[in-house]
There are 2 protein chains.
Amino acid sequence: MYTRFMSTAERLIASTRELLWERGYTGTSPKAIQQRAGVGQGSMYHHFAGKPDLALAAIRRTAEEMRAKAEEQLSAPGTSVDRVTAYLRRERDVLKGCPIGRLTQDPDVMADPTLRAPVDETLAWLRERLAEVLAEGRERGELDTTLDPQAAAATVVAVLQGGYVLARAADSVQPFDQAITGVLGLLTTHISPTRK
Amino acid sequence: MYTRFMSTAERLIASTRELLWERGYTGTSPKAIQQRAGVGQGSMYHHFAGKPDLALAAIRRTAEEMRAKAEEQLSAPGTSVDRVTAYLRRERDVLKGCPIGRLTQDPDVMADPTLRAPVDETLAWLRERLAEVLAEGRERGELDTTLDPQAAAATVVAVLQGGYVLARAADSVQPFDQAITGVLGLLTTHISPTRK
DNA sequence: GTCTATACATCGATAGAC
DNA sequence: GTCTATCGATGTATAGAC
């Protein structure tokens, strides 16, 4: 970010993405965006209609990236559980939390259907994608037949989002790691109860 | 709230609790607090030193209540799993989210050790309390011996916190309910894998 | 495209009358 | 204890020169 090779518009988007992540929509002012981007007042309003317009561009970009990174793990080779594990255990900026999930706490984002849509769609996509992976694992006999893929997928995404909350509260990655370990433990004991 | 029988200070605390829940710390102004409480500018600054002082009183009150309500389910009669189920399935204002968990997304709250402490302590207490309940269930043979109470407790709290995030994103309780159903399904299949 | 000047509201708090 | 007046700073945006 902020290389000489980024256009003004791109620098503004990058700056906004960071600030939305760190401070949320309400906590982010146009002035702060401009300063971090190293861009003047007039420039910002030339490229974007205003704060909501710029935020939309930033949120969409973040959502795209998040999906792409998840798809990397979820479409990798390996068993269903391998891929879910890889996804959950992947390196993350745990204490910063999820840049999309955090927006659900921003009343001004949730109140604006345009800003809200990418948040809704991203998390819905993630649940569906995980449900597919889990359903596949069940069909292949890797997971117990009693497992409900939709429900388990919601659980996995929730553990991730909630893990961030616990980590931020504790200012430690420990509860996040424990929550992930816990859900993977419960899930993998499902692999073959008869094998035990 | 807001009965004629509430003192000015109590009305201010009640108003602040609501606004912190709905809009977070940054999104809540002294003016909005006063208006909802039906209290004048001068009154607020007579009873409280300022916004942080009032927020602290509000957060502490909310934290107390949250603990008390959790303890209701967790100390009830029944098996370990019964109590965890009762806690997770209890009636909740799902779309409003967790009034304590949401504060982890407020940078100004997290940056102030005094405001942060009750958030940290409440979620830490909840994890410990759930770990006790789960450990008890394991000792009594209700849960598999391979279950790690600390990890599973973190998972349960994370599912709750993350469930709120998913519900708010979708503007529907469905993903919340699915996440809860999912984790309880995984947990109860642990009751006795040999019994299957 | 970018800059500076300007505008008008709100934020968070203080002062002082009653 | 409560009210109104006032304050300097910031938020969000527009106007118009260059």
Side-chain angles (χ1 to χ4, degrees), chain A residues 1-59 103 105-112 114-115, chain B residues 2-59 103 105-112 114-116:
Chain A
M1 279 183 181
Y2 307 115
T3 73
R4 226 175 306 114
F5 311 106
M6 256 171 127
S7 69
T8 300
E10 284 300 318
R11 287 154 64 119
L12 283 164
I13 290 176
S15 164
T16 305
R17 289 179 63 191
E18 291 181 4
L19 284 163
L20 285 182
W21 197 358
E22 294 167 17
R23 305 201 39 84
Y25 184 81
T26 307
T28 296
S29 69
K31 191 179 178 181
I33 292 171
Q34 294 149 21
Q35 285 177 342
R36 188 174 295 209
V39 155
Q41 186 93 337
S43 253
M44 180 187 131
Y45 286 100
H46 173 74
H47 291 284
F48 297 93
K51 182 177 160 177
D53 186 37
L54 182 43
L56 179 59
I59 294 171
L103 297 173
Q105 304 304 330
D106 242 307
D108 297 341
V109 172
M110 291 297 99
D112 181 338
T114 310
L115 292 179
Chain B
Y2 307 117
T3 72
R4 225 174 307 114
F5 313 104
M6 252 171 130
S7 70
T8 301
E10 282 302 318
R11 287 154 63 119
L12 283 165
I13 290 176
S15 164
T16 305
R17 290 178 64 191
E18 290 181 4
L19 284 163
L20 285 182
W21 196 358
E22 293 167 19
R23 305 200 42 81
Y25 184 82
T26 306
T28 296
S29 70
K31 190 178 177 181
I33 292 171
Q34 294 150 23
Q35 285 177 342
R36 189 173 294 209
V39 156
Q41 185 93 336
S43 253
M44 180 186 131
Y45 285 100
H46 172 73
H47 291 282
F48 297 93
K51 182 178 160 178
D53 185 38
L54 182 43
L56 179 59
I59 294 171
L103 297 173
Q105 303 303 327
D106 242 306
D108 297 342
V109 171
M110 291 297 100
D112 181 339
T114 309
L115 292 179
R116 182 206 192 98

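In the text below, chain A, chain B and the rest are named by the order of the sequence lines, each starting its count at 1.
- For residues 38-53 of chain A, there are no salt bridge (charged side-chain N to carboxylate O under 4.0 Å, His left out) pairs, not counting sequence neighbours.
- Judged as a salt bridge (charged side-chain N to carboxylate O under 4.0 Å, His left out), not a single pair has a partner in residues 25-34 of chain B (not counting sequence neighbours).
- Using a 4.0 Å heavy-atom distance criterion, A/Thr26 is classed as making no nucleic acid contact.
- If one axis is set at each end of the helix from C/dG1-D/dC18 to C/dC18-D/dG1 from five pairs, those axes are 10° apart, to 10°.
- The distance from the CG atom of A/Leu103 to the CD1 atom of A/Ile59 is 5.0 Å, given to the nearest 0.5 Å.
- In this structure, the side-chain contact (heavy atoms from CB on, under 4.5 Å) partners of A/Ala55, at least two apart in sequence or on a different chain, are A/Leu20, A/Tyr25, A/Leu115.
- Rounded to a whole Å, the CD atom of B/Gln34 is 14 Å from the C1' atom of D/dA5.
- Rounded to the nearest 0.5 angstrom, A/Ile13 CD1 and A/Ile33 CD1 are separated by 11.0 Å.
- Listed by first then second residue, pairs satisfying side chain to side chain donor-acceptor pair (under 3.5 Å) with a partner in residues 36-50 of chain A read A/Glu18-A/Arg36, A/Glu22-A/Arg36, A/Gln34-A/Gln41, not counting sequence neighbours.
- Using a distance-only test at 3.5 Å, with no hydrogens or angles considered, no donor-acceptor pair links the side chain of B/Thr16 to the main chain of B/Ala58.
- Put simply, chain B comes within 4.0 Å of DNA chain C, heavy atom to any atom, from C/dC11 to C/dT14, going 5' to 3'.
- Closest heavy-atom contact between A/Thr26 and B/Gly27: CG2-CA, 3.9 Å.
- Within residues 35-54 of chain A, the residues that have a heavy atom under 4.0 Å from DNA chain C are, in order of number, A/Gly40, A/Gln41, A/Gly42, A/Ser43, A/His46, A/His47.
- Judged by distance alone, the side chain of A/Asp112 and the main-chain N or O of A/Thr114 form a donor-acceptor pair under 3.5 Å.
- A/Arg23 places no side-chain N or O within donor-acceptor distance of the main-chain N or O of A/Thr28, the cut-off being under 3.5 Å.
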